[in-house]
Each structure stands twice: as structure tokens, then as C-alpha cells.
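Throughout, numbering of the chain's residues begins at 1 and tracks the sequence. If you're wondering where the values come from, they're calculated on a predicted model, not measured in any experiment.
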Amino acid sequence: MTHLNDLDLGIKIAQIPSTSRLLIVDDEARFRSAYRTLLAGPERQIEECATGRDALRRLALRDIDVVVLDLHLPDVGGIEIMDWLTRNHIQTSIIIFSADEGIDSAIHALRQGAFEFIRKHSDPTDLIGAVERALKRRRLEREHAMMTARLEQSERLHRFLVDQSPDFIYTLDSEGRFIFVNSRIETLLGYARDELLGQHYSCIVHDDDLEKARYAFHERRIGERATTNFEVRLKTKTAGIRHFDNRMIVAILSSQGVYDPNQDVSPNSFIGTSGVARDITERKLAEETIAYQAFHDLLTGLPNRTLFKDRLDLALTQAHRKNQRVGVMFLDLDRFKLINDTYGHAEGDHLLKEFAQRIRGCLRSGDTLARQGGDEFTVLLPDISSREDVLTIAGKMLAELKHPFLIAERDFYTTVSIGIAVFPEDGENPELLLRNADIAMYQTKARGKNGYSEFSAEMNTHHVERISLENDLRYALKEGDQFELHFQPQISRRRRRIVGIEALVRWKHPTQGLLGPDCFIPLAEECGLIGGISNWVIADACRQMRHLRALGYEDLKIGINLSPRDFERPDLLERITEQLTLNDLPPRCLELEITESLLMNDAEGVLAKVRQLRRAGLLISIDDFGTGFSSLNYLRRFSVSSLKIDQSFVRDLGGGSASGLIHAILGIARSFELGTIAEGIETPAQAEALSTLGCDLMQGYLFSRPLTTAKLIDYLAAPAPIA
């Protein structure tokens, strides 16, 4: 008897090559070189292509095992190459290694048949591991192909091929009971083959999928009309249901009817169904992960702005139909930058996660807390009966934040600024509600933070005016001819003469007229424009001083107010000394006025800059002294030259407490050998009281209002009698 293995059936069975062929397709040579070095190994032959057309020509030879493919190529894109491979039935494993951050690209590539999708900024070991898995899979596929060829030679080879398949292969009888399963069932679902034989297919199908799976497992059709790539969840022997662990897998199933070979295909000759199920659990997990990342903030796990807007849209649709209200809150974490700057971004991230957890605890189960980005969050409150419901929740948030956070093993207290808008009163679409809640939040910031504000129409008007004023201010800085300095004389009452002037900036607004600094300096500081204004003030003050000295007023000094933001710039000293040199002025004629609060913010950094300025010969005065909380230690460390007594103390002169405070300030100044000047003197009685207390230098409306340059020169030439 002749054995089947001894027969020459004219079938040539290719041997599995010992060398694996890898093709790297990327338009950047440095990446190709890096990939080649990274993936080099024994029994690997690595080739490169810089364009899609070169890759197609090389792939047409049908001997490449794994392709490392970039999606974006200069001629033919990665997706087109994958489609070409599918159409031409070329078997190779595709690993997409791309810088494309798009979610859709990743999902499309995986569904197109990519083995894995890896981003270029991932860990290099991810690519190494993916290639190893792909080569292993490729070897299995080649073994599968080789066994398919040998199937024609013997039944034994057929059985071996089926049992070694990476897919679950089965046959059912006409009643849906297993009459054959391959050995893959043991590693895939945990059943021994004998355990399933005779059992109904429903014992391995997820309960929720039974109805839709019935047609696939009872498939009677054959050929192109038969079931292909049907997705179904299969239970393992442990029987429990879960997502992506050892109790359930996701598979794609292809099946067709089996008919008696001795009869024509007809309902009477149907004897069962055969099928193949492939495990796609890891691919489904990747798709789920990509989809989750598209709609959630990865740091806090909260919905992101995209998902929040989608939920807000849905909530507004339902509220409109049911005539209900919807609340929207915009939250901004106060002092968050301080944590990042002081302790680093890791502690900042920790604070954001803890903050999100606390705020979530203040909400109802149907509410949504989302992170917009940075330290900004939004809250959706559907189905509320009145605005008071929103205010109650806002109050709970503020109360919750009265407890400290543990940051870098220290207690840290932070607050939140909240803006509130309610549908339909404050807006009828998501964009308008979010914008108005944002406007209300900034109103809370302007009022001192740590609270909440409800949106009103007046806020919107103010917001529009503020944006308009900001644009006008930017234009004014660009043109450079809309600002002017006014000067208020500083008087020595004992010597009955003018000893100095304070430069006060004014803005000649084209439509609003002359604006004082209170109308635009806070806006300039907030918008980052204060540096340009300070530059202009320093330059113009120095030009005016040069002019006054040329007229013979060489003993005058000029005071210039500096913003705290000016001390954040590393070139502060250079900006000032450049103007002094340009106008041939001695440093002692320039007195820089800084606020008391500046001394307490970043004390070490400010101290270094103050010392630089003093070493350059400039005078430093603390403005509004006594209104802050600086200690005597600050005066000892900061080498300032004088103190300015705030006008609020002068205004209250006549009361015992104000006189006592001024007396104390004068005593402190004498102890530290500092000069003093009182501002805001409006009556002769105030001037006399200050002189009695020992304060000689004064400034205020009693002596002169702020003057233009021309009027200042007239005043200096013929000063009014000093009261």
C-alpha cells in the first residue's frame, strides 16, 4: 500500500526562511538609521525605503515579513500602502510608527489591519517588543501557510495544522452542538477539548451576545454570503464576565454551512456549521484606550472639554424639551502657579488631582466635572429647579477648600474662583453659557478671588469694554504718542522749597480723554503690557529731568513708580541705566518707588534686584508704607532709602491712632536712617500736624496737583507760598 506522504502530488512546499526580512519606510533618514540600529539582530535582514512608491516596488516581491511604516510620506500615504497590500493579497505584518497624534488615524490604521500602532515619542522598547511579536506572529502565519499546503498530502497534516492554528476552529452539528474543536480552545478559553464536545455553543457565548450570535453559529450559507468578521464575546471556563481579563475575550468569527458532500446543497443536505474565531481582545483594548483618551483628561481622569461640551449639548436639549434649568460653573484654581513655581510640576499635578477629587465630592451623581486645561475646570449641573441650587453647590465647594492640601509634606491652603451661568437666562447654547460663566469667573478674580459670581448682562458689557480698552492700550503702546507724564511737587516744609517731583503717567485716550493710571495700569499688568509702559515712563522721565537740569534745577530728584511685574524681568537694571546714560543723568536723581507687598513676594529675588539698583546709585522708596504686613526684618535686609507714609494715615490725622502710627513710622525710619515723605496732604492742619510729629517732606493737593511739564516749569519758576 502506498502512503500519501510518499506520493508526488506536484505541490512544492516552501520552507520557512531562517532570516526575517524587515522593511523600514520613513521619509527622514535619521529615523530610518535609528530604527535600523534599534531593530538590528541575528537572523534579521533590514531594508529601507524613503518614499511610498519605493516601498510598493519592494513589497511587490512578497518576501517582507514586517513593515515599520510611517503614515505621512511625501508621495503615497501609509493608509494607501496598507490598502494596496490588502488588494494584492500580500501577507506582511504592518507596524505603524508615526508622530501623528490623531485618534482617528490610529483607529483607522488598526481597523485597516495594522498589527500595532505606536507613536514616535513612545519608549523605544515598545517598538522592539512590537517587532518581536510581529515576527513571531509572522512565523506562525508562515507555519500555518505551510501546513495548509501539506493538507493536500495527508489528513494527519490537516489535523496538525488545525490544532496548531492561532485561531479557534470548530464544527457544530445541525443542533448547534460541538462535534469538533481544535486545541486552541485550551489556551483561548481554558476548556479541554473533550469538555466541549457534545455541548451547545451557547455555553461559551456571552449572555448579552446570544441573540445576535445565533445567526453566526447556525450559519447555513456558504461562499461570499457566509458570515465573516462577526464580533462576539466568548466566556472562558471561569464563567465570570469582565472586560479584557481572563474571564472573557473578544473574537471575530467567520462561519459557513456544512453540507453532505454526497448530495446537492439544499436544506435537506445541511449537516452543521464550521467556523473560525480569532482573538482580538488586545486590539479592542487598544481601541477602547484610544477612544477613552480622546474624551478624558489623562491626569485627573475627568471628562475633557470635548466630552463636556457633548454632555452640555445633550443636557440643554433635554432641558429645552422639559422646560428645565441647567447650571454651568467655570472654576479657576487660585494660586496654582505658586505651587508649580515653588515645588515643581509633580506637586502641581498632585494638587490638581486632589482638587478634582474634592470638587467631585460636592456634586450630585448626575453632574459632570470636567477639566478644560491647566487649572481651569467646568461643572455641568442638569435638572436644577432654581439658581439657588447652583449657589448651594458653589458654597459647598468653597467650604470644602477651607481644609488644607498636603503638598510636599506641608499644609497648603488654596481657594477657587467660580463663575456661574444658568440656562436659559444666561445663554441658550453651550458656547454662550461657557463664555458667560468664564466672564463671571473673572469677575470673581477681580473681586479678590475665593468666591463665586453669577453672570449678569452688565458683566458682558464690562467684558466687551475691557477687551476694547486692552486693544486700545496695545495700539497706544505701538504708536507711543498717547501717553504723557504729569508731575506732583514734593515739598520740604521746613526749608520752604521744592525738593523733588513724582512722575505720574496719564493716557490721552482718543475717545475717553485723559485717563489716570487706575484706569489702565491694572489691565496692563494683567495683559502683560506693563513692561512697555514702564519702559516709556522711565525714558520720558529721564528726558524731562535732563530738560529741568538744563534749566538749572539740578538738585531735584524724580520719583517713578515700578510695577511688581517689572521686578520679574531680568533686565530691569539695564533698562534704567541705559536711559540714565543716554540723558547724562546721575543715578541719585532717580528714586524708584516700590510697593510694600512686593517685598513679601519672592523676597530673595526682589532683594537681589534692590541691591543691584542701590549699588548702581539709585534711590529706592517704599510706597504706601504701613498698609501692608512687612516686618522690620524686611527693612533691615532691603537697603531702601526712604518710606512714603500712606495718605490713609494722613487723612485720619486728628485721631489718636493715626498720629500714633505716623509717629511710629517716623521712629522706625530714624532707627534705620531712612528718609520719610507723607503723601495726600490736603489741609494746612494736616501739614502742621505732620511737622509737629517730625515729618518734613510732604506731597499733596495742598501744595500742588499733578502738573504738565509746561506748568511744572512755571511752578518751579514762581512757586506758590508753602503753607
Side-chain angles (χ1 to χ4, degrees), residues 469-470 472-490 500-509 512-549 553 556-595 598 606 609-610 612-613 616-624 641-642 644 677 679 699 705-713:
L469 191 64
E470 179 185 336
D472 291 344
L473 187 57
R474 291 183 185 276
Y475 180 80
L477 273 173
K478 180 180 178 182
E479 292 300 306
D481 60 354
Q482 293 186 17
F483 298 108
E484 66 178 33
L485 289 182
H486 288 199
F487 305 92
Q488 188 168 37
Q490 297 171 334
I501 54 176
E502 180 180 3
L504 302 168
V505 66
R506 300 289 188 265
W507 179 12
K508 297 178 293 183
H509 192 278
Q512 299 184 35
L514 197 64
L515 300 180
D518 290 345
C519 297
F520 62 92
I521 291 299
L523 176 63
E525 290 180 326
E526 184 179 336
C527 300
L529 302 176
I530 192 63
I533 294 177
S534 295
N535 287 345
W536 185 91
V537 169
I538 293 169
D540 196 59
C542 289
R543 283 193 296 269
Q544 300 298 341
M545 277 302 291
R546 180 181 63 185
H547 179 54
L548 291 174
R549 288 171 66 85
Y553 303 107
L556 289 179
K557 61 181 176 62
I558 186 168
I560 297 175
N561 292 280
L562 289 183
S563 165
R565 293 292 180 88
D566 289 318
F567 277 79
E568 296 175 4
R569 296 180 57 173
D571 61 344
L572 175 61
L573 177 61
E574 288 76 9
R575 288 159 52 204
I576 296 172
T577 55
E578 178 185 2
Q579 291 301 323
L580 290 174
T581 303
L582 187 63
N583 292 281
D584 194 23
L585 297 177
R588 60 179 171 78
C589 74
L590 191 60
E591 184 171 60
L592 306 175
E593 298 185 9
I594 62 177
T595 61
L598 176 64
V606 174
K609 286 189 172 66
V610 169
Q612 281 184 338
L613 296 168
L618 296 158
L619 303 176
I620 305 289
S621 174
I622 300 179
D623 198 11
D624 302 332
S641 51
S642 64
K644 292 192 77 171
I677 181 171
E679 57 184 352
Q699 172 183 346
R705 290 178 175 272
L707 305 170
T708 62
T709 302
K711 290 183 178 180
L712 173 66
I713 293 173

Side-chain heavy-atom pair V537, N561 within 4.5 angstrom cut-off = no
Rounded to the nearest 0.5 Å, how far apart are CG of L707 and CD1 of I713?
-> 11.0 Å
S641 versus S621, closest heavy-atom pair with distance | OG-N, 4.3 Å
Any side-chain heavy-atom pair from L477 and I533 closer than 4.5 angstrom?
-> yes
Can you see which heavy atom on L473 is nearest to which on F483, and at what distance?
-> CD1-CZ, 3.8 Å
Is there a side-chain contact between L469 and Q512, using heavy atoms and a 4.5 Å cut-off?
-> yes
Under the salt bridge (Lys or Arg N to Asp or Glu O under 4.0 Å) test, residues paired with D571 that sit two or more places apart = R569
Test log, rule side chain to side chain contact (heavy atoms under 4.5 Å, CB included), inputs I501 and Q544 | CA-CA 11 Å; I501 54 176; Q544 300 298 341; over 6 Å; no
The salt bridge (Lys or Arg N to Asp or Glu O under 4.0 Å) partners of K508 (sequence neighbours excluded) come to E484
Side chains of residues 516-526: which donor-acceptor pairs under 3.5 Å do they make with residues two or more places apart or in other chains?
from	atom 1	to	atom 2	distance (Å)
E525	OE2	S563	OG	2.6
E526	OE1	R466	NH2	3.2
E526	OE2	R466	NH2	2.5

Taken in chain and number order and not counting sequence neighbours, the residues that satisfy side-chain hydrogen bond (donor to acceptor under 3.5 Å, both in side chains) with K557 are E591
Do the non-hydrogen side-chain atoms of K609 and I594 ever get within less than 4.5 Å of each other?
-> no
Side-chain heavy atoms of I576 within contact of L592, under 4.5 Å | yes
Sequence neighbours excluded, the answer for side-chain hydrogen bond (donor to acceptor under 3.5 Å, both in side chains) partners of E470 is R474
Kindly compute the distance separating NZ (K644) from CD (E679), expressed to the nearest 0.5 Å.
-> 4.5 Å
Minimum heavy-atom distance between L504 and P706, given as atom pair plus value | CD1-CG, 3.7 Å
Q482 and Y475, any side-chain heavy atoms less than 4.5 Å apart | yes
Reported CD1-to-CD distance for the pair I620 and E593, which is rounded to 0.5 angstrom | 10.0 Å
Can you tell me how far the CD atom of Q612 sits from the CG atom of L573, to the nearest 0.5 Å?
-> 5.5 Å
G500 and L556 have their tightest heavy-atom pair at N-CD2, 3.7 Å
How far apart are the closest heavy atoms of A476 and W507, and which atoms are they?
-> CB-NE1, 3.6 Å
In short, T708 meets F487 closest at the heavy-atom pair C-CD1, 4.5 Å
H509: side-chain hydrogen bond (donor to acceptor under 3.5 Å, both in side chains) partners, not counting sequence neighbours | D472, T511
Let me check something: any side-chain donor-acceptor pairs from residues 578-589 under 3.5 Å, sequence neighbours excluded? List them with distances.
from	atom 1	to	atom 2	distance (Å)
T581	OG1	T577	O	2.9
N583	OD1	R546	NH1	3.3
N583	ND2	Q579	O	2.9

Would V505 and L485 count as a side chain to side chain contact (heavy atoms under 4.5 Å, CB included) if you check the C-alpha gap in whole Å, the side-chain angles of each, and the deciding distance to 0.1 Å?
-> CA-CA 5 Å; V505 66; L485 289 182; 4.1 Å; yes
Kindly compute the distance separating CZ (R549) from CD1 (I558), expressed to the nearest 0.5 Å.
-> 12.0 Å
Contacts of type side-chain hydrogen bond (donor to acceptor under 3.5 Å, both in side chains), residue Q490, not counting sequence neighbours | Q699
Straight-line distance of L590 CG to L613 CG, nearest 0.5 Å | 9.5 Å
